[in-house]
Amino acid sequence: MSESVNARRSGLVDGTKVATTRGWKLVEQLVAGDLVRTLDNGFKEVRRISTNTVTIPAGENRVEHLPVFVPASSAYNGRPVWLMPEQGMALNLGKVDPEISGFSIVPARLLSGAGQLTSQAPGATFEVSSLFFDADEIVFVEGGLQAYCPSGRFTMRNTPGNSGYDVVEDDDAIVLVNSIAKSGDMSALANPLGALPAPIPQETVLPVRPPSGIRRPGRPGRPDVPALFLRSEWQT
């Protein structure tokens, strides 16, 4: 049974697709043990999943208490997606400044107003799932958006300097987001090519050989009994 909590937190809103070894999978369908694609460490096992019901009071209009709505195709996402206000999103610094490399983590609430992204409520109540791994990870959601999953924490607040990734303070994050908004290039926020799930077979695949004495079938269009077209003395 999920617990009702305030909206000012991280997590993935149910209905959000996550890249896994089995392709794109809804976050609410994931279970502990599933392998999820990460930015830097390949496929990693989900160790724990926490599910909560988020409640937004009527008339709530504070940005920090509302999810961010990402319309379809505004950041390589084929479908609309909601980001919790404290959900960390990884920005590719090289897309902001070619002379800088690496990624910085910013809270989704600061993305409101960049491009077509706005702060809205998907409903009075909705479900949110948080994924936990052995270490801090960045996972791919909805076509390439890069979501930060801190190990053992539900929010990014009060964690700068304690993460495996660069979780920046709000002032620095605002500068980065403003750079993206000014350029109109959302590629710093999403990586559609890196997000390709590239499914991995879960069972060993062995070549299938025909039983001894039985020939493999020919290509389509070849006669079933080619020996009929050979001279009798050539046939064995």
Side-chain angles (χ1 to χ4, degrees), residues 7-13 15-19 24 27 36-41 61-122 131 136-150 155-157 159-161 163-198:
R8 191 170 185 179
R9 55 163 295 152
S10 63
L12 302 177
V13 177
T16 303
K17 290 184 178 180
V18 180
W24 293 104
V27 66
V36 170
R37 183 160 191 160
T38 68
L39 176 66
D40 295 311
N41 301 308
N61 57 12
R62 292 172 293 178
V63 171
E64 63 269 24
H65 289 270
L66 289 173
V68 175
F69 177 62
V70 185
S73 302
S74 58
Y76 303 111
N77 51 309
R79 309 182 312 147
V81 60
W82 298 88
L83 304 176
M84 293 300 290
E86 294 298 331
Q87 173 58 50
M89 303 304 295
L91 299 185
N92 185 342
L93 299 179
K95 297 291 186 177
V96 179
D97 185 342
E99 297 184 358
I100 304 176
S101 61
F103 290 81
S104 285
I105 310 299
V106 303
R109 57 183 162 78
L110 296 182
L111 297 171
S112 181
Q116 303 178 51
L117 280 61
T118 58
S119 294
Q120 300 181 30
L131 308 181
D136 294 355
E137 300 288 356
I138 295 174
V139 303
F140 291 103
V141 301
E142 291 295 344
L145 291 166
Q146 300 153 162
Y148 174 56
C149 295
T155 178
M156 294 197 317
R157 286 177 290 170
T159 62
S163 169
Y165 289 93
D166 179 28
V167 180
V168 297
E169 298 281 4
D170 279 8
D171 289 345
D172 294 329
I174 291 173
V175 172
L176 290 173
V177 172
N178 286 343
S179 296
I180 295 173
K182 184 177 180 179
S183 68
D185 183 5
M186 302 299 288
S187 62
L189 183 63
N191 181 0
L193 296 180
L196 294 176

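To the nearest 0.5 angstrom, Tyr148 atom OH is 10.0 Å from Glu137 atom CD. The structure places CG of Asp40 at 11.5 Å from CG of Asp136, a figure rounded to the nearest 0.5 Å. With values rounded to the nearest 0.5 angstrom, Leu131 atom CG is found 10.0 Å from Ser10 atom OG.
At least one side-chain heavy atom of Arg109 sits less than 4.5 Å from a side-chain heavy atom of Asp170. Val106 places none of its side-chain heavy atoms less than 4.5 Å from the side chain of Val167. Inter-residue side-chain proximity for Ile105 and Asp166 is flagged as unmet; no heavy-atom pair is nearer than 4.5 Å.
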Item to complete: Step by step, work out the salt bridge (charged side-chain N to carboxylate O under 4.0 Å, His left out) result for Glu86 and Arg8.
Response: CA-CA 6 Å; Glu86 294 298 331; Arg8 191 170 185 179; 3.3 Å; yes
Item to complete: Begin from the C-alpha positions of Leu145 and Leu189 and carry the test side-chain contact (heavy atoms from CB on, under 4.5 Å) through to its verdict.
Response: CA-CA 6 Å; Leu145 291 166; Leu189 183 63; 3.8 Å; yes
For a quick test of your reading: what N or O donor-acceptor pairs under 3.5 Å do the side chains of residues 62-71 make, sequence neighbours left out?
{"from": "Arg62", "atom 1": "NE", "to": "Glu60", "atom 2": "OE2", "distance (Å)": "2.9"}
{"from": "Arg62", "atom 1": "NH2", "to": "Glu60", "atom 2": "OE1", "distance (Å)": "2.9"}
{"from": "His65", "atom 1": "ND1", "to": "Asn6", "atom 2": "OD1", "distance (Å)": "3.4"}

For a quick test of your reading: what N or O donor-acceptor pairs under 3.5 Å do the side chains of residues 110-118 make, sequence neighbours left out?
{"from": "Ser112", "atom 1": "OG", "to": "Ser119", "atom 2": "N", "distance (Å)": "3.2"}
{"from": "Ser112", "atom 1": "OG", "to": "Ser119", "atom 2": "OG", "distance (Å)": "2.9"}
{"from": "Thr118", "atom 1": "OG1", "to": "Gln120", "atom 2": "NE2", "distance (Å)": "2.8"}

Going by atom type alone, with no hydrogens or angles, which donor-acceptor pairs under 3.5 Å involve a side-chain atom of residues 89-100 and a protein atom two or more places apart or on another chain?
{"from": "Asn92", "atom 1": "OD1", "to": "Gly94", "atom 2": "N", "distance (Å)": "3.0"}
{"from": "Asp97", "atom 1": "OD1", "to": "Glu99", "atom 2": "N", "distance (Å)": "3.0"}

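Checked against side chain to side chain contact (heavy atoms under 4.5 Å, CB included), Asn178 has the following partners two or more places apart in sequence or in another chain: Ile174.
What you find for Thr38 and Asn41 is that their closest heavy atoms are OG1-N, 3.0 Å. The minimum heavy-atom distance between Trp82 and Thr16, with the atom names listed, is O-OG1, 4.3 Å. The two atoms that bring Gly144 and Trp24 nearest to each other are N-CH2, 4.1 Å, heavy atoms only. Looking at every heavy atom in both residues, Pro107 comes nearest to Ala173 through CD-CB, 4.5 Å. For the residue pair Ala108 and Met84, the shortest heavy atom distance occurs at CB-O, 3.3 Å. Listed here is the closest heavy atom pair of Gly15 and Val27: N-CG1, 4.3 Å.
Note on residues 97-120: no pairs pass ring-ring contact (aromatic ring centres under 6.0 Å, His included), not counting sequence neighbours. Residue pairs that meet the salt bridge (Lys or Arg N to Asp or Glu O under 4.0 Å) test with at least one member in residues 110-121, sequence neighbours left out, do not exist here.
Gln146 places no side-chain N or O within 3.5 Å of a backbone atom of Phe140 that could act as its donor or acceptor partner. Between the side chain of Gln87 and the main chain of Ala147, no donor-acceptor pair closer than 3.5 Å is present.
Judged purely by distance below 3.5 Å, without hydrogens or angles, the side chains of Asn191 and Tyr76 never pair a donor atom with an acceptor atom.
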